[in-house]
Amino acid sequence: MLDAGPWLQPEMVVKVEWLDGRPIAIELPSVVELDVVETLSRHAERDQTASTKPAKLSNGVTVQVPDFVAEGDRVRVDPRQGVYLERAK
């Protein structure tokens with residue numbers, strides 16, 4: 001289970017499990033959209049094969065993204081597993 005803290009955003013709707021008046025677990029949504037703030041530039045030699053690279057998102061979390069994703073792109077990520085899904089439209 002991933003730490004949910006970095007994925008929480010203002011106005012996000014989450015499900016919370018309570019025990020004796022205290023929160024003990026939360027369920028994150030299946031998709032969040034975040035900006036890529038830092039990643040390596042695309043390498044021409046990688047164009048021939050599918051490859052991934054690390055990308056730091058606006059929440060501070062780093063995930064693996066396809067080589068075509070660039071800084072400034074907005075991406076959709078599954079916060080429950082911490083994986084890239086697609087570029088946001």
Take Val77 and Val31, measure what side-chain contact (heavy atoms from CB on, under 4.5 Å) needs, and give me the verdict at the end.
CA-CA 6 Å; Val77 179; Val31 177; over 6 Å; no
Measuring from Glu17:CD to Arg22:CZ, what's the distance to the nearest 0.5 Å?
14.0 Å
Gap separating the CD atom of Glu38 from the NZ atom of Lys56, nearest 0.5 angstrom:
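Output value for this atom pair is 5.5 Å.
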I need the minimum non-hydrogen distance between [X] and [Y], along with the two atoms involved.
{"X": "Arg74", "Y": "Glu33", "answer": "NH2-O, 3.2 Å"}
{"X": "Asn59", "Y": "Pro6", "answer": "ND2-O, 3.1 Å"}
{"X": "Pro79", "Y": "Ser30", "answer": "CD-O, 3.6 Å"}
{"X": "Ala70", "Y": "Thr39", "answer": "C-CG2, 4.0 Å"}
{"X": "Ser41", "Y": "Asp67", "answer": "O-OD1, 4.5 Å"}

Less than 3.5 Å apart, which donor and acceptor atoms pair up between the side chains of residues 82-89 and the rest of the protein, not counting sequence neighbours?
unit_1, atom_1, unit_2, atom_2, d
Tyr84, OH, Arg87, N, 3.1
Glu86, OE2, Arg76, NE, 2.9

So, using side chain to side chain contact (heavy atoms under 4.5 Å, CB included) as the criterion, who are the partners of Val16 when residues are at least two apart?
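By the side chain to side chain contact (heavy atoms under 4.5 Å, CB included) rule, Val16 matches Val14, Trp18, Pro23, Ile26.
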Would you mind listing the cluster partners of Ile24? Hydrophobic ones only (ILVMFWY), side-chain contacts under 4.5 Å, chaining allowed.
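Cluster partners of Ile24: Leu19.
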Quick check: does any side chain N or O of Lys15 sit under 3.5 Å from a backbone N or O of Glu27, one acting as donor and the other as acceptor?
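Looks like no, no N/O pair under 3.5 Å.
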Asp35 and Asp73: CA distance, side-chain angles, deciding distance, side-chain contact (heavy atoms from CB on, under 4.5 Å) verdict:
CA-CA 6 Å; Asp35 296 319; Asp73 284 351; over 6 Å; no
So, do Val36 and Val69 sit near enough that their side-chain heavy atoms are less than 4.5 Å apart?
yes
Please walk me through it: do Met12 and Val32 pass side-chain contact (heavy atoms from CB on, under 4.5 Å)?
CA-CA 9 Å; Met12 178 183 276; Val32 296; 3.5 Å; yes
Step by step, work out the side-chain contact (heavy atoms from CB on, under 4.5 Å) result for Leu28 and Asp78.
CA-CA 9 Å; Leu28 295 170; Asp78 180 345; over 6 Å; no
I'd like to know if Leu57 and Val37 are part of one continuous hydrophobic network [Ile/Leu/Val/Met/Phe/Trp/Tyr, side-chain heavy atoms within less than 4.5 Å].
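No, no single cluster joins them.
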